[in-house]
Each structure stands twice: as C-alpha cells, then as structure tokens.
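Report on the structure given below.
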Amino acid sequence: MSITYLEAIREAQARALRDDPRVFIYGQDVGSFGGAFKATKNLAQEFPGRVIDAPISEDAMVGSAIGAAIEGMRPIIEMQFADFSTVGFNQIVNHAGAFHWRTGVPCPITIRLPSGGTTGSGPFHSQCLEGLYALYPGLVVMTPATVEDAYSMLLEAVAIDDPVIFCEHKYLYYHLKAEALPTEALPVGKARIARAGRDVTIVAYSAMVHEAIAVAEELAGEGTEVEVVDLRTVKPLDTDTVIASVARTGRLLCVSEAWPWGGVTAEVIARVATEGFGLLDAPPQRLNAKDTPVPFHPNLWTSHRPTARSICEAVRRLLQL
Amino acid sequence: MVQSVAGVQGASVVSSLREGIVAAYRWMLLARVLDEKFASLYRAGKIHGGVYLGRGQEALSAAVGMSLRPGDVFAPLIRDGAGRLAFGETLVEAARTYLGSALGPMRGRDGNVHRGRPRDGYLPMLSHLGAMISVVNGMLLARRFKGVPQGVGAACIGEGATSTGAFHEALNQAAVERLPLVLVVADNQYAYSTHSSRQFACRSLVDRAVGYGVTGATLDGTDVAECLAVVGKAVRNARAGGGPQLVVARLLRLCGHGEHDDAGYINPALKQSELGRDCLAVAEERLRVDGWATDAELEAWHGESVGRVEAAVNSVQREPTPDPFQETWCALATPRLKDGFPAEPSAARAGTVAENPPVAAVSAVPAP
C-alpha cells in the first residue's frame with residue numbers, strides 16, 4: 001500500500017470526523033464534489049450533514065467557524081486556495097487570532113490552505129502565506145513537508161484549542177508518497193532533522209524540504225555534508241533545533257517558497273543572529289521566491305521560486321564565505 | 001443570564017402594551033444614565049480610549065434586548081447599551097470594561113464597547129463592522145448540528161456596515177442556511193461623519209431583503225412602541241422557523257460618533273425633523289399623556305437609575321487594574337505552543353529555553 005500527501009489529508013479528516021462528533025468541514029465544493037483537489041473525496045457521503053458546501057464567502061466561512069467553535073464545535077475550513085484566504089483575512093487574524101486573548105474562550109478552528117506553486121497556476125493560485133499568518137498573535141501555523149506530518153499534524157490541528165493555519169503544499173499532493181500512515185509523530189512545535197550533516201545547515205519547510213534534500217544528496221557526492229532542518233511548524237518556531245544544527249555546522253541557509261520581505265527566513269536568521277551569532281562561521285543566508293507575483297508560465301515559474309539548482313548554488317556560495 | 005429591573009420582566013412575557021413600554025423606558029433610562037456617567041468620566045480623564053453613546057438609539061436597542069430570551073445569541077454594536085442591559089449585562093460588568101478593571105470579562109485586554117461573554121451567547125464585538133453577523137450564524141449552525149434548541153441570534157449594525165462585504169456574505173449565508181437570524185440595522189443617517197447618501201443608493205435598506213431572500217421590516221426608531229412591536233415580531237418569526245429577518249430602523253444619532261466627536265457635521269434640519277426626536281423623551285411623554293406613569297414615578301425611576309449607576313461605578317473604581325507582571329502575555333489557549341521570543345538580549349538563550357522546554361522525542365499517533 002502507498003498513500004499520497006493528499007490522501008493523508010483526506011484520511012486525517014475522515015479520522016477526525018469519525019473520532020470526534022464536534023468536527024465538521026465547511027468550504028467551497030467540499031460536499032458531494034469532494035473538493036477542488038479531492039481532499040474531501042467521499043467524506044460528505046460517509047458523514048452526512050457534516051461536510052458542507054459553503055457559498056463563495058471566505059469571510060463568512062471563517063466567521064461562522066468562530067461562532068461554531070464558541071458553541072464547542074471543531075470546524076475544519078477548506079480554503080479552495082491559500083490565495084483566497086485573504087478574503088477571510090480579517091476574521092482569521094483579528095477575530096480568531098485575538099479571540100482567546102480577549103475573551104478567555106478558546107477558538108479551536110482549523111483552516112486548511114492549499115499553498116504553493118504548481119506549474120501553470122499563476123499569481124492567484126500559488127501563494128505561500130504562512131509568514132503573513134505567523135505575524136499575527138494567537139495563530140498556530142503548520143507547514144507539513146511529509147505524508148506522515150500531513151496526517152498527524154492535521155489531526156493535531158483539529159485537537160488543539162487554538163486556531164491553526166494548516167499550509168498544505170499543492171505540489172506535494174500527488175508527488176509525495178509514503179508506505180503507510182504514521183503511528184507516531186514528533187510533537188507540534190518541534191522541528192525535525194530531515195538529513196544529518198556537519199558542513200552546512202539548510203533550514204526549510206513544506207515543499208522546499210525536498211528541494212533541500214535533493215541538494216544534500218547532490219553535494220554529498222562532492223564530500224559536502226548538508227544538514228536539512230524541516231521546521232514542520234513555522235509558528236511556534238523551534239529555534240532550539242535550528243541553533244543546535246548551526247552549532248554543528250557553523251553555516252546557515254534558510255529557504256522558503258514565500259516572498260522575500262520579512263517572513264519565515266528573515267525570522268530564522270534574526271533568531272540565529274541574535275541568539276547564536278557566535279556559532280556562525282559565515283554570514284547567514286536566505287533564499288526566497290522573487291519579489292514579484294507568482295508567474296504563470298513554467299519557464300518563469302521555475303526561476304521565480306527556489307529550486308534544487310538555485311539552492312545548490314546558494315550553498316556553494318555560502319561554503320566560500 | 002437575563003436579569004430584571006425591580007420586578008420588571010422581559011418583553012416576551014409582557015402581556016400589555018403599557019407594561020412593555022414601561023419596561024423598555026426603564027432600560028432606556030438606565031442606559032442613558034449609564035452613558036452620561038461614562039461621558040462624564042471620559043471628560044474627567046478617567047477612561048482610557050473612547051466612549052461611545054447610544055443616545056437616540058435606546059428604544060431600538062432595548063427592544064432587541066427585551067425580545068431575546070436566555071439561550072439566544074446577541075451581538076450588539078457600539079450604541080446598544082440599553083439592549084445589553086435588557087439582555088442581562090450588569091452595570092458592574094459594563095463599568096468594569098470601560099474602566100479597565102482586572103475583574104471584568106475582558107480583564108483590561110479589551111475595553112469600552114468590546115465586551116461580552118461568548119459562552120452566554122453575548123458576543124464581544126470586533127471593530128470591523130459586519131464581522132459579528134457570520135459569528136452569530138456559526139453559533140446557530142452549530143446548534144443545528146448538535147441538535148439542541150437553536151434559539152434566535154440577533155446582530156446589530158449601523159447603516160454604514162451594510163456597505164461591507166462581511167454584511168453581504170453573512171446575510172446571504174444566513175439566507176442559504178435559513179438561520180433564525182435577526183439582523184437589526186440602525187440607520188442613524190451618519191457613519192461617523194459620512195451621510196447615508198454616500199453609503200448606499202437604494203431607496204431604503206429594507207429593499208435589500210428581497211434580494212437576499214429574507215423577510216424585511218422597517219420601523220420608526222424614535223417610537224418605542226413601534227420598536228417593540230416590529231422587533232418583537234421579527235424575533236418571533238425567526239423563532240418560528242421563518243428564516244432570517246432584516247429590520248431597518250430610521251432614526252438619528254443624537255451624539256457624536258464617540259465623545260471625542262462634536263458631530264458638527266450633522267445637518268441641523270435633520271435634528272429638527274421627526275428623525276431627530278429623542279426616543280427617551282418621546283417614550284416619557286407617552287407615559288405621561290396616557291397616564292401610564294405619574295411624575296412621581298418617573299422621578300423615582302430616574303433617581304433609582306442614578307443611584308444604581310453611581311453605586312456600580314463607585315465599586316468598580318475601587319477594583320484592581322491589570323498588572324503587566326501578572327499578565328501571561330500568551331495569546332494561545334495552548335501555552336506549550338507559545339513561540340519563544342527572547343525577552344532580553346542578554347538573556348536570549350535562557351529565555352528561549354525556559355519558554356520552550358524540551359519536548360519528548362515522539363508522541364504516539366493512535367492507530368487509525
């Protein structure tokens with residue numbers, strides 16, 4: 001048996017619906033159609049009345065999820081694309097994120113954001129918004145890179161008493177497979193050493209973890225040992241694991257598919273610079289997408305986001321510093 | 001959590017017009033006296049942030065609060081002091097939030113009109129207008145999912161909020177799900193300084209009801225009897241399964257947007273018009289003319305309101321204010337997931353380690 005990243009997300013939702021009567025799924029086309037990506041395939045049939053088509057109203061979707069959470073439910077909201085979550089941005093950041101702080105009442109909602117680029121998707125079906133949501137207090141932001149994490153972290157997202165932004169990468173939906181669903185997992189908030197090495201640390205998350213591992217494999221043939229840290233959640237950010245890795249390697253490259261201004265890579269480098277400056281043998285580096293909207297054509301798209309090739313070049317430069 | 005004033009019960013059990021109007025008048029009066037106290041504290045520099053009064057909107061607001069029952073949902077807006085009291089908020093709780101008492105429901109983390117007790121169906125408003133409507137929808141939907149009595153959800157907004165996407169999305173959502181939502185629009189002619197002619201172009205906002213597929217009703221917000229009748233009917237319709245109800249009240253805001261605002265932009269002709277009547281004075285006049293209250297009774301009610309407001313504010317003023325050293329500074333309900341920003345540059349590593357204790361290597365995922 002093998003299971004894809006997308007199937008793991010579907011299975012986690014089925015499991016959550018089965019195990020917890022408080023769970024329901026609300027989003028555009030999630031009902032009998034099974035979702036734009038089929039992440040809710042057959043769930044409406046298996047769980048009648050609990051997988052519900054929403055009007056194209058992201059603000060109202062999130063607002064009503066907050067109301068349902070107040071009533072003790074555990075809603076899962078599917079944004080059709082991460083890009084459209086900005087229509088519900090106010091409810092997510094100002095309402096859900098601030099709710100427990102203001103009122104003392106938890107707001108356990110899970111918002112699934114199909115994130116990241118695939119070829120031909122263009123400016124409005126490709127965005128990576130984890131840095132935007134991580135900026136706001138009161139939100140947990142998950143960025144699973146593996147089939148196992150997609151499954152176990154989504155289950156945890158539903159169980160956690162806080163709003164969770166679950167950034168699932170669309171490129172990994174079909175490309176990533178595992179033999180089976182996991183039976184154990186690292187705790188939420190703990191980063192993972194995806195590959196051990198002693199010469200340079202690449203900190204990545206989501207799809208970029210796999211690009212980084214490809215680079216590590218290529219450079220291993222040249223005698224360079226790259227350590228790859230998979231952040232798993234960008235908020236909270238596991239600074240300890242990052243700093244421990246930098247302590248071993250002395251060199252840091254942080255990679256993200258998101259835009260370059262601020263964001264996760266800047267945050268990682270800021271923390272390493274302030275807390276582990278003495279561990280660095282070279283200036284910490286970062287690699288992001290270019291500061292333009294995400295292009296449509298594959299020729300442009302593959303140059304817009306970091307790839308194994310551009311990451312490899314960045315590592316080679318870093319090793320010369 | 002619904003309380004009562006000196007033996008006066010909510011409108012749902014009021015058997016006569018007189019009793020309804022008397023009860024509403026007393027909530028309106030209490031709210032007006034409380035508002036005036038807040039305004040006076042503001043002018044004395046004793047309130048942090050703004051003060052927002054309900055002057056001119058008390059009749060509509062009281063009618064909403066009185067039409068609801070325990071177990072219903074109420075999402076008031078900034079001018080709903082009367083409705084809040086009628087729904088069950090105590091004077092002490094209102095004063096605690098304005099004065100920033102650590103003992104209030106918002107504990108100094110949020111203030112003034114941003115107060116409520118969500119689990120009692122009393123929602124603390126967001127400043128982003130229209131945002132509360134879909135939250136009410138979600139509570140009503142959840143009750144349908146749970147198979148428990150749904151009750152009615154009332155959300156109050158001004159005419160300015162009808163221009164937002166949130167209003168449209170939420171009213172449409174309520175209509176699609178046929179929820180027992182009562183959406184009360186106080187068309188008080190001005191959204192801050194902007195006249196409603198710059199807000200919408202339809203003849204009346206109630207004309208939108210047909211477009212959403214909901215029941216619409218309109219009323220004179222200066223006439224408390226009409227407020228009680230029309231809002232009460234809308235709430236009964238919703239409770240009886242009639243789906244969402246859009247109630248549009250015509251009135252005029254008789255104060256600034258907040259106490260910082262002298263409202264010099266309000267057209268004087270509007271103040272002289274029927275819209276500009278003070279609903280509290282209109283109600284009082286009716287009580288007098290119809291012989292439903294004597295001058296002595298009116299005076300006694302006023303005195304009682306002043307006494308209760310003074311007692312509440314005096315007691316709250318002696319309460320502790322929030323202490324930054326006692327504050328958790330954790331926005332999450334799950335403290336173990338708090339991100340570990342270093343508190344002080346010199347204590348950077350220690351601070352991070354302390355806030356993010358080492359966690360177990362793996363935790364079990366129960367077998368599917």
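This structure is a prediction, so every number in the text was calculated from the model and none was measured. Below, read A as the first sequence line, B as the second, and so on, with proteins coming before strands; counting in each chain starts at 1.
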*Output, in order, the C-alpha distance, side-chain angles, deciding distance and verdict of side-chain hydrogen bond (donor to acceptor under 3.5 Å, both in side chains) for B/T334 and A/D162.*
CA-CA 7 Å; B/T334 318; A/D162 287 293; 2.5 Å; yes
*Between B/L141 and A/M73, is a side chain to side chain contact (heavy atoms under 4.5 Å, CB included) present by the stated rule, with each step listed?*
CA-CA 10 Å; B/L141 265 177; A/M73 303 293 282; over 6 Å; no
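Expressed to the nearest 0.5 Å, how far CG of A/L139 lies from CG of B/D339 amounts to 12.0 Å. Annotation: the span from A/E58 atom CD to B/E169 atom CD amounts to 6.5 Å, rounded to 0.5 Å. Within the model, atoms CZ of B/R107 and OG1 of A/T103 stand 7.0 Å from one another, a figure rounded to the nearest 0.5 Å. The CE atom of B/M132 lies 8.5 Å from the CD1 atom of A/I66; values are rounded to the nearest 0.5 Å. Distance check, rounded to the nearest 0.5 Å: NE2 of B/H114 to CZ of A/R102 gives 7.0 Å.
B/I133 does not touch chain A: none of its heavy atoms, backbone or side chain, sits under 4.5 Å away. A/P137 touches chain B through backbone and side chain together, each having a heavy atom under 4.5 Å away. When heavy atoms are compared at a cutoff of 4.5 Å, B/P124 approaches chain A by way of both its backbone and its side chain. Neither the backbone nor the side chain of B/R144 comes within contact range of chain A; no heavy atom of the residue lies under 4.5 Å from a heavy atom of that chain.
A donor-acceptor pair under 3.5 Å is formed between the side chain of B/K146 and the backbone N or O of A/E71.
Ranked by non-hydrogen atom pairs under 4.5 Å with chain A, the options B/P118, B/A170, B/S127, B/G130 are led by B/P118. Contact tally against chain B (heavy-atom pairs below 4.5 Å) for A/D19, A/V87, A/N94: the top residue is A/N94. Top candidate by heavy-atom pairs under 4.5 Å with chain A, chosen from B/S134, B/G116, B/A166, is B/S134. With respect to chain A, the highest number of heavy-atom pairs below 4.5 Å among B/V73, B/L126, B/L123 belongs to B/L126. Top candidate by heavy-atom pairs under 4.5 Å with chain A, chosen from B/A142, B/G138, B/G165, is B/G138.
The 12-atom threshold is exceeded at CG of B/L103, counting heavy atoms of other residues, nucleotides or ligands nearer than 6.0 Å. Remark: A/K41 NZ is loosely packed, at most 12 non-hydrogen atoms of other residues, nucleotides or ligands lying under 6.0 Å away.
Contact check for B/V135 versus A/F99: no side-chain heavy atoms found under the 4.5 Å cut-off.
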